[in-house]
Amino acid sequence: MKDSLTGLDRYEVFLGKLEQEIEKIGDDRIAITYTDIKHFKYINDTYGYQVGDALLKDFVDAITTNNKTMLCAARVYSDNFVVANRVNSKYTNDVYRNIILRLNQEREVKFREKYLNSRLQFCTGISIIDKNSQSLDAETVVSNANLARKVAKELEEDCCVLFQQSMMDGIKREVEITSCIPKAIANKEFKVYYQPKMETDTLRLMGAEALVRWQKPDGSFVYPDEFIPFIERSGQIVDVDYYVYRQVFQFLARRLQEGKKVVPISLNVSRVHLSKMHILEYVKDLFQEFRIPFSLIEFELTESIYLENTEKALELVDGLHKIGTKVSMDDFGSGYSSLNLLSRLPIDIIKLDKVFLKNDDLQESDKIIISCVVDMAKRLKITSLCEGVETLEQSDYLKEVGCQIQQGYYFSRPIPQDVFEKFMDERENES
Ligand code: C2E
Ligand code: CA
Ligand code: CA
């Protein structure tokens, strides 16, 4: 049973053949290479299916002709191909990967010329097995190669990646986490913690940042850095952010009703909101529902959001300003900071990233950068805040250079709502 377009085995037949090869693997190694063609759709859309089909046939010729170690090959679907090869014992796995990479690159040159598409690229994942491999089931080893291919596809160049078991562990964790989120929201497992912000001049409490914590039913915590990247990919961060925002609004509204002290709370905004922009409506509705002053809520957008999609970020900042809230640029200095962006963006607060304070004793170079950024912010009439303050020395230096707000373990770690309430109540009695 052959694939009518390419003449290769059908995928089910391929799996059967691979199964047999694995049974008699002995001391050999088998490489399963899974390749797809980046920007193939463009060829189909631009030149039509006939040209697309011709390209696929050419590709099959390229991978099968003179391939003396080939055991079997198939088209999985569309432009996805899988080939199994015996690996020459003189090659290590890394060398084998380099050979495939070089072959891909040579083919790219030829195909880009023939099909007039300079972006065409072959993306390959390779899983190499021997008799001791963790899994020797044909379907699993192909899916491992496919997983490596997906990792490869994220790369700009060197689009060829060897499968590693750790990739599987990452995926398992991702599935585990994303599948738990709806229940975790329903069960109120997400808790809002608050980290105080202090005014440099007086060292008085002037605000706080809301930071989410996930407390599992068994009492254990999952920290944001562990689950946020996964739920950003799945889009579920939107629900978690909204949940956090609602908790904060509710908290402030209750404190106001009780006639107690409140301070502005800043909320983190995931990059995922940018593609949807429902956030503005959601925030407006929250203000309607809870009737708290606009000045009590601020939003933190990371520097990378501004850099990735400046236009959308500007639209969002503009929308938040129209609602009446302040906006800060979070993590300034953590990536490819653009000073020029600072002058173009109508932000109210700049949060210097904690990387500048990574050493207990301040480095001269970090001092220079901090004082320059603070100075520049001042001239641009932007409030400066430094996060990650852990020592008295750091705090004193920030005072010396005129950084207006400070946040960090030196003053307080992020604390649960009830503890933060006590923190605020104590401060109220002081003043
Ligand atoms: P971030 O917004 O930059 O938050 C600051 C992080 O630094 C927090 O980590 C905080 O606990 C930690 N931190 C505060 N002071 C110090 C210090 O003095 N030293 C050190 N070493 N660290 C300090 P956390 O809470 O684990 O949050 C990590 C990141 O997860 C946050 O970085 C933010 O990007 C994201 N995140 C947290 N909560 C939310 C949320 O509700 N929504 C969204 N979209 N993202 C959130
Ligand atoms: Ca933040
Ligand atoms: Ca930050």
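Just so you know, ligand 1 is whichever comes first in the structure, and atom 1 is the first atom listed for that ligand.
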Handout entry: Proximal ligand 1 atoms for Gly408, defined as those under 4.0 Å from one of its heavy atoms
Key = 15 (N), 18 (O)
Practice task
Could you please tell me which protein N, O or S atoms lie under 3.0 Å from the Ca ion (ligand 2)?
Solution key: Glu209 OE2, Asn268 OD1, Glu300 OE1, Asp330 OD2
Exercise for the section: Please state whether Arg413 comes within less than 4.0 angstrom of ligand 1, counting heavy atoms only. Expected result: no
Completion exercise
The answer for which part of Ser270 has a heavy atom under 4.0 Å from ligand 1 is both
Practice task
Could you check atom 30 (O) of ligand 1 against the protein and tell me its nearest heavy-atom contact, residue, atom and distance included?
Solution key: Pro224 CB, 3.3 Å
Practice task
Could you tell me whether some N/O pair between Val212 and ligand 1 is separated by less than 3.5 angstrom?
Solution key: yes
Handout entry: The one among Asn268, Val248, Asp330, Ile228 that brings a heavy atom closest to atom 35 (C) of ligand 1
Key = Ile228
Problem - Residue and atom name of the nearest protein heavy atom (relative to atom 11 (O) of ligand 1), distance in Å to one decimal - result: Pro414 CG, 3.3 Å
Practice task
Give the residue and atom name of whichever protein heavy atom lies nearest to atom 31 (C) of ligand 1, and the separation in Å to one decimal.
Solution key: Leu211 CD2, 4.3 Å
Problem - Lys399 and Asp201 ion-paired at < 4.0 Å - result: no
Handout entry: Atom indices of ligand 1 within 4.0 angstrom of Arg213 heavy atoms, with elements
Key = 11 (O), 24 (P), 25 (O)
Problem - Heavy atom of the protein closest to atom 13 (N) of ligand 1 (residue, atom name, distance) - result: Tyr409 CE2, 3.7 Å
Practice task
Just let me know how Asp331 lines up against ligand 1, side chain, backbone, both or neither, with a heavy-atom cut-off below 4.0 Å.
Solution key: side chain
Problem - Any Glu209 heavy atom less than 4.0 Å to ligand 1 - result: yes
Handout entry: Note: Glu421-Arg254 ion pair, threshold 4.0 Å (strictly below)
Key = yes
Handout entry: Nearest neighbour of atom 20 (C) of ligand 1 from the list Glu390, Glu300, Gln394, Glu226, on a heavy-atom basis
Key = Glu390
Problem - Under-4.0 Å salt bridge between Lys114 and Asp58 - result: yes
Practice task
Quick one: look up the protein heavy atom nearest atom 29 (C) of ligand 1 and list residue, atom name and how far away it is.
Solution key: Asp225 OD1, 3.6 Å
Problem - Neighbour count above 12 (heavy atom, 6.0 Å) for Gln257 CD - result: no
Practice task
Mind checking ring pair (Phe, Tyr, Trp, His ring centres under 6.0 Å) for Tyr91 and listing every partner two or more places apart, or none if nothing turns up?
Solution key: none
Problem - Pair Glu308 + Arg271: basic N to acidic O under 4.0 Å - result: yes
Practice task
Look only at interatomic distance and state if Tyr223 has a nitrogen or oxygen under 3.5 Å from any nitrogen or oxygen of ligand 1.
Solution key: no
Exercise for the section: Look at the aromatic rings of Phe251 and Tyr194 and report parallel, tilted or perpendicular, splitting at 30° and 60°. Expected result: tilted
Fill in the blank from the handout: Residue, atom and distance of the protein heavy atom nearest atom 42 (N) of ligand 1 read Asp241 OD1, 2.6 Å
Practice task
Measure from the ring center of Phe299 to the ring center of Tyr245 and say whether it is less than 6.0 Å.
Solution key: yes
Problem - Check: Arg107 and Lys110 side chains under 4.5 Å, non-hydrogen atoms - result: no
Exercise for the section: Out of Glu387, Gln407, Gln195, indicate the one that has the non-hydrogen atom closest to atom 15 (N) of ligand 1. Expected result: Gln195
Exercise for the section: State yes or no: are the ring centers of Phe227 and Trp214 separated by less than 6.0 Å? Expected result: yes
Practice task
Considering only non-hydrogen protein atoms, determine which one is nearest to atom 6 (C) of ligand 1 and report residue, atom name and distance to 0.1 Å.
Solution key: Lys354 NZ, 3.5 Å
Handout entry: Lys322 and Asp318 ion-paired at < 4.0 Å
Key = yes
Problem - Closest approach of Tyr11 to Arg75 (non-hydrogen atoms, all atoms of both residues) - result: CB-O, 4.2 Å
Exercise for the section: Determine, for Glu387 against Lys351, whether the closest basic-nitrogen to carboxylate-oxygen distance falls under 4.0 angstrom. Expected result: yes
Exercise for the section: Check the side chains of Asp218 and Ser220 for a donor-acceptor pair under 3.5 angstrom, ignoring hydrogens and angles. Expected result: yes
Handout entry: Ion pair check, Asp348 and Lys381, cut-off under 4.0 Å
Key = no
